[in-house]
Amino acid sequence: MDDELKPISAAEHRARLRRAKRISRRFGFIGRVEYRHVHSRSGGAQYCIGPSADQDIMVVYAEAFERDADPADFRLEALVAHECGHQRLIRKQDLRSVLAKFPGERFEEVLASLVGSLLLTESESARTLVWKATAELGDLGMSAESTVHFIERLRTLLRRFL
């Protein structure tokens with residue numbers, strides 16, 4: 001990604017917003033979806049908690065589309081599914097209870113990736129989110145064998161609540 005963001009036309013801006021909305025709705029996002037043609041340095045998308053689910057906001061940034069264009073990077077669907085995972089963790093009571101058992105921002109990221117992977121079903125993007133969760137658990141010092149077992153158990157548990 002360049003530091004310099006190239007301008008896009010109004011038609012391209014609308015097309016990006018439509019695509020972000022379509023993907024987020026497919027994964028059950030409730031609330032408003034926005035596209036901002038700026039670099040956020042947040043990874044490409046961000047879930048913002050509102051007073052209620054219908055007032056939640058998902059913001060998709062320019063780098064999400066830049067990353068989507070790179071076959072070696074995260075697809076837009078994976079970025080959006082991860083953010084939808086955050087909303088489900090916050091808004092669904094059963095998932096909120098799972099989140100409460102694993103406090104902390106790092107574990108929320110792991111859980112959001114795993115929920116997102118389940119929303120994506122069996123796809124390359126789903127595997128990418130499982131890989132992301134695996135890497136995050138490895139960064140926390142969990143052994144490779146424990147990480148694989150833990151992720152399998154978590155995905156089984158989370159699948160029941162989706």
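Numbering starts at 1 and runs along the sequence shown.
Note that the CG atom of L118 and the CZ atom of R159 stand 5.0 Å from one another [nearest 0.5 Å]. How far CG of L114 is from CD of E152: 11.5 Å, rounded to the nearest 0.5 Å. Rounding to the nearest 0.5 Å places CD of Q46 at 11.0 Å from CD of E34. In this structure, E83 CD and F27 CZ are separated by 12.5 Å, a value rounded to the nearest 0.5 Å. In this structure, M142 CE and T147 OG1 are separated by 5.0 Å, a value rounded to the nearest 0.5 Å. Remark: R88 CZ to L158 CG distance equals 11.5 Å, nearest 0.5 Å.
One hydrophobic cluster, built from ILVMFWY side chains closer than 4.5 Å, holds both L162 and V80. Put simply, V38 and L79 are part of two different groups of oily side chains (I, L, V, M, F, W, Y) that touch within less than 4.5 Å, one to the next. In the hydrophobic clustering of this structure, V33 groups with L76; members are Ile, Leu, Val, Met, Phe, Trp, Tyr whose side-chain heavy atoms approach within less than 4.5 Å, directly or through other members. No continuous path of hydrophobic side-chain contacts links I57 to I49 [ILVMFWY only; heavy atoms under 4.5 Å].
Contact annotation: the side chain of F107 never approaches that of L99 to less than 4.5 Å [non-hydrogen atoms, C-beta and beyond]. In this structure, Q87 and M58 have side chains that are not in contact, with every pair of non-hydrogen atoms separated by 4.5 Å or more. Between E4 and K6 there is no side-chain heavy-atom pair separated by less than 4.5 Å. For the pair H82/F74, no side-chain contact is recorded, criterion being any heavy-atom separation below 4.5 Å from C-beta on. No side-chain heavy atom of I30 sits less than 4.5 Å from a side-chain heavy atom of D56. With contacts defined as side-chain heavy-atom distances shorter than 4.5 Å, the pair L111/L154 qualifies. Considering only heavy atoms from C-beta on, L5 comes within 4.5 Å of E66 through its side chain. Within the 4.5 Å cutoff, the side chain of V110 has no heavy atoms near those of the I151 side chain.
Across all their heavy atoms, A62 and H39 have their closest contact at CB-CD2, 4.4 Å. Here the shortest heavy-atom pairing between S146 and S143 reads OG-OG, 2.9 Å. Minimum heavy-atom separation, V115 to G85: CG1-CA, 3.6 Å. When all heavy atoms are compared, the tightest approach of E122 to R127 is C-NH1, 4.4 Å. Across all their heavy atoms, V60 and A20 have their closest contact at CG2-CB, 3.8 Å. Contact between L119 and A81 at its shortest, heavy atoms only, is CD1-O, 4.1 Å.
Judged by distance alone, with hydrogens and angles left aside, the side-chain atoms of K92 form a donor-acceptor pair with the main-chain N or O of F161 at under 3.5 Å. A donor-acceptor contact shorter than 3.5 Å links the side chain of R67 to the backbone of G43. E63 places a side-chain N or O within donor-acceptor distance of the main-chain N or O of S40, the cut-off being under 3.5 Å.
More than 12 heavy atoms of other residues, nucleotides or ligands lie within 6.0 Å of CZ in R91, so this atom counts as buried by the packing criterion.
Look at R16 and D68 and you find no salt bridge, because none of the NZ, NE, NH1 or NH2 atoms lies under 4.0 Å from a carboxylate O. Taking 4.0 Å as the cut-off between side-chain N and carboxylate O, R19 and E77 count as a salt-bridged pair. Electrostatic pairing of E109 and R106 does not count as a salt bridge here, judged by no charged N lying under 4.0 Å from a carboxylate O.
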Side chain to side chain contact (heavy atoms under 4.5 Å, CB included) between L89 and V98, worked out: CA-CA 8 Å; L89 288 168; V98 173; 5.6 Å; no
Test log, rule side chain to side chain contact (heavy atoms under 4.5 Å, CB included), inputs R160 and D94: CA-CA 9 Å; R160 280 192 242 159; D94 291 336; over 6 Å; no
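Annotation: ring-ring contact (aromatic ring centres under 6.0 Å, His included) contacts of F150 (sequence neighbours excluded): F102. Residues forming a side-chain hydrogen bond (donor to acceptor under 3.5 Å, both in side chains) with R18 (at least two apart in sequence, or on another chain): none.
Side chains of T128 and R75: no donor on one and acceptor on the other come within 3.5 Å.
Sorted by first and then second residue, the ring pair (Phe, Tyr, Trp, His ring centres under 6.0 Å) pairs with a member in residues 42-65 read Y35-F65; sequence neighbours excluded.
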